[in-house]
Amino acid sequence: MKANNMKLILVLLISALPHIIFASATSASAKEYDTKAYVDSWCRTTLYPNLCVRSLSRYVRSRAMQNPRDLARFALKASLYRAKYTKAFLLKEVKNLETLRPQYYALVHDCLTQIRDSVNQLSLAIAELDRVNRRGGKSQVNLDWHINNLQTWTSTALTDAETCVSQFPGRRMSKLKATIKGKVKNVEETTSNALAFIEHYAAARYRARRP
């Protein structure tokens, strides 16, 4: 009798399993869709909405992005990722140019210096965002200080990238220059989007403090 009961329970569990899996998958899919819709709506407020959606798409599944802080943090991470990638590319090119194409060396080296600083500034901004989240900006003065740091470091990273891009004016240029300009332009645009999300985050924090 006990054996028959166990068999019945097992059969019921097996028959219910597909429904449980489907319900779980449907819930996860709906959550991912909601997150994607949330990201898409906020990306439309940036200067580079298509790039914004592409750069954040890799983070949509990693966790839900349902508030301005999450958007700002992942946008900063996306910008830092592009800046690090570009820095590695420039490091490689500088080594080659010093002996093979010295006429480009100084130009690319200057650009590398700017992008190195962008990497540092974006890293500082991410750390600052984590600090303000942990400490909560307990006083208005404290919150102002954290927000100012976030804006300053991200703005500096943006200026660094813009300075590098400005060294490659016009459209007619060598393949190497065009490649460098394209990569740095990507850093500039993702950082611009990150700065926009930091402004949204700052506005949300200040609204939350209103009496």
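Every value quoted in this text rests on a predicted model; they were computed, and no experiment measured them.
I115 CD1 to R82 CZ: the interatomic distance, rounded to the nearest 0.5 Å, is 11.5 Å. Taking CD from E199 and CG from L195, the interatomic distance works out to 5.0 Å, rounded to the nearest 0.5 Å. If you take CD on Q114 and CG on L90, they are separated by 11.0 Å, rounding to the nearest 0.5 Å. In this structure, R69 CZ and R73 CZ are separated by 6.0 Å, a value rounded to the nearest 0.5 Å. To the nearest 0.5 Å, atoms CG (L150) and CH2 (W145) are separated by 10.0 Å. Here the CG atom belonging to L71 is positioned 7.0 Å from the CG atom belonging to L56, to the nearest 0.5 angstrom.
At least one side-chain heavy atom of Y85 sits under 4.5 Å from a side-chain heavy atom of K183. Using a 4.5 Å heavy-atom threshold, the side chains of T46 and P49 count as touching. Using a 4.5 Å heavy-atom threshold, the side chains of T190 and Y81 count as separate. By the 4.5 Å heavy-atom criterion applied to side chains, L129 and Y201 are counted as neighbours. Within the 4.5 Å cutoff, side-chain heavy atoms of L76 are placed close to those of T154. Residues N193 and C43 form no side-chain contact, since every pair of their non-hydrogen atoms from C-beta on lies 4.5 Å or further apart. The side-chain heavy atoms of L91 and V94, taken from C-beta on, include no pair separated by under 4.5 Å. Within the 4.5 Å cutoff, the side chain of C164 has heavy atoms near those of the F168 side chain.
For the residue pair K87 and V119, the shortest heavy atom distance occurs at CD-CG2, 4.2 Å. Nearest heavy-atom pair, V184 versus A161, reported as atom, atom and distance to 0.1 Å: CG1-O, 3.5 Å. Listed here is the closest heavy atom pair of S41 and Y38: OG-O, 2.7 Å. Closest heavy-atom contact between I198 and Q151: CG2-CG, 4.0 Å. Minimum heavy-atom separation, F197 to A75: CD1-CB, 3.5 Å. Here the closest heavy-atom approach between residue H200 and residue T45 is recorded as NE2-OG1, 3.1 Å.
Looking at residues two or more places apart in sequence or on another chain, you find no side chain to side chain donor-acceptor pair (under 3.5 Å) involving D160. With sequence neighbours excluded, no residue forms a salt bridge (Lys or Arg N to Asp or Glu O under 4.0 Å) with E93. In this view, D40 and K36 satisfy the salt bridge (Lys or Arg N to Asp or Glu O under 4.0 Å) rule, not counting sequence neighbours.
Under the 3.5 Å distance criterion, the side-chain polar atoms of S155 are left unmatched by any main-chain donor or acceptor of T152.
F89 and V108 fall within the same hydrophobic cluster, defined by Ile, Leu, Val, Met, Phe, Trp and Tyr side-chain heavy atoms under 4.5 Å apart, directly or through other members. Transitive grouping of hydrophobic side chains (ILVMFWY, heavy atoms separated by less than 4.5 Å) keeps L158 and L80 in distinct clusters. Note on L112: it clusters hydrophobically with L107, by side-chain heavy-atom contacts below 4.5 Å among ILVMFWY residues.
In the model, D117 has no side-chain atom that pairs as donor or acceptor with a side-chain atom of N120 under 3.5 Å.
For the pairing with I147, the side chain to side chain contact (heavy atoms under 4.5 Å, CB included) check across D144, L143, N149 returns one residue only, L143.
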(request) Please assess S118 against T191 for the test side chain to side chain contact (heavy atoms under 4.5 Å, CB included), listing each intermediate value before the final yes or no. (result) CA-CA 9 Å; S118 284; T191 305; over 6 Å; no
